[in-house]
Amino acid sequence: QVQLVESGGGSVQAGGSLRLSCDASGNTFSTKYMGWFRQSPGKEREGVASIRTGVGRTSYADSVKGRFTISRDSANDTVYLQMISLKPEDTAMYYCAARSRPGYLDPAPLKSYQYEYWGQGTQVTVSS
C-alpha cells in the first residue's frame, strides 16, 4: 500500500511558475514509476509527466514539453513537478500517481490505467 499527498498548488499569473510536490509513504520500495496527471471540469484526466523510479527516465505530454520538469528525491520519497511559463490552459487539479504492480512497463506511462495509487490532488489556477 502506498499513500500519496500533493502540495504546492496555488494561483499564479500567466507566465509564472509553480513547483508541486508529492510525498510518498507506505510500501514505496517496489514503485516502478511515478506520474503527474491533471483534470479540469468537463475533461478527462490527462497524463502530464512520468519518471521511472531509480532510473530517472522521464516522459511528458506534448502540451507541457519544454515547460514542465518532473524529478524525484529518493532520500525522502518525494516527486516534484516544476512548472514554468504557465498558461491559463494549465489550470486544473493536479494529481500524483504511482505504479507498483508487475507487468509490462510502458517507457512513456501517461495513461491513468497504468497507475494504481493516487493522491487527493492540488489545485493550480493560472490567470490571463
With ring centroids as reference points, do F68 and W36 lie under 6.0 angstrom apart?
no

Contact summary for S40 and T91, nearest pair of heavy atoms:
CB-O, 3.8 Å

Should L18 and Y60 be regarded as members of a common hydrophobic cluster, given that ILVMFWY residues are connected when their side-chain heavy atoms come within less than 4.5 Å of each other, either directly or indirectly?
yes

R101 versus Y113, closest heavy-atom pair with distance
NH2-O, 2.6 Å

Hydrophobic cluster membership, F37 vs L105, 4.5 Å side-chain cutoff:
yes

If you round to the nearest 0.5 Å, how far is CZ of R72 from OG1 of T58?
14.0 Å

With side chain to side chain contact (heavy atoms under 4.5 Å, CB included) as the test, would you mind laying out the steps for V2 and S100 before giving the verdict?
CA-CA 9 Å; V2 176; S100 293; 4.2 Å; yes

Ring-face cation contact, Y95 with R38, 6.0 Å cut, 45° max:
no

The reported gap from NZ in K32 to OG1 in T53 (rounded to nearest 0.5 angstrom) is 9.0 Å

Please, which pairs that meet disulfide bond (SG atoms under 2.5 Å apart) have at least one residue in residues 20-70, sequence neighbours excluded?
C22-C96

According to disulfide bond (SG atoms under 2.5 Å apart), does anything in residues 49-80 pair up with another residue at least two apart or in another chain? List the pairs.
none

Are I51 and Y80 connected, step by step, through hydrophobic side chains (Ile, Leu, Val, Met, Phe, Trp, Tyr) whose heavy atoms are closer than 4.5 Å?
no

When clusters are formed by joining ILVMFWY residues with side-chain heavy atoms under 4.5 Å apart, either directly or through shared neighbours, do M93 and L110 land in the same one?
no

Gap between atom CG of D77 and atom OG1 of T28 - 0.5 Å precision
3.5 Å

Does any part of the side chain of Q39, heavy atoms only, come nearer than 4.5 Å to the side chain of E46, both counted from C-beta?
no

For the pair Q82 and S17, evaluate side chain to side chain contact (heavy atoms under 4.5 Å, CB included) and give the outcome as yes or no after the intermediate values.
CA-CA 8 Å; Q82 179 67 56; S17 302; 4.2 Å; yes

Answer whether the closest heavy-atom distance between the side chains of N27 and Q1 falls below 4.5 Å.
no

Distance col, row D106:CG vs S59:OG, nearest 0.5 angstrom, shows 7.5 Å

Would T78 and D73 count as having a side-chain donor-acceptor pair, cut-off 3.5 Å?
no

Drop me the distance from Y117's OH to L4's CG, to the nearest 0.5 angstrom.
9.5 Å

Taking atom types as modelled, is there a side-chain donor on T122 or S7 under 3.5 Å from an acceptor on the other?
no

Please check if any side-chain donor atom of Y33 sits under 3.5 Å from a side-chain acceptor atom of R52, or the reverse.
no

Return the minimal non-hydrogen interatomic distance between R67 and S85, and the atom names on each side.
NH1-O, 3.0 Å

Nearest heavy atoms of S50 and Y115, plus distance in Å:
CB-OH, 3.5 Å

Give a yes or no on whether L86 and V64 share a hydrophobic cluster (residues Ile, Leu, Val, Met, Phe, Trp, Tyr; joining criterion: side-chain heavy atoms under 4.5 Å apart).
yes

Take atom CD in Q13; do more than 12 heavy atoms of anything else shown fall under 6.0 Å from it?
no

Which atoms form the tightest heavy-atom contact between Q123 and A92, and what is the distance?
NE2-O, 3.4 Å

Do the charged groups of D62 and K65 touch, with an N to O distance under 4.0 Å?
yes

Spacing of OG belonging to S127 relative to NZ belonging to K87, to within rounding of 0.5 Å
15.5 Å

Which heavy atom in Q120 sits nearest to a heavy atom in E6, and how many Å separate them?
N-OE1, 3.0 Å

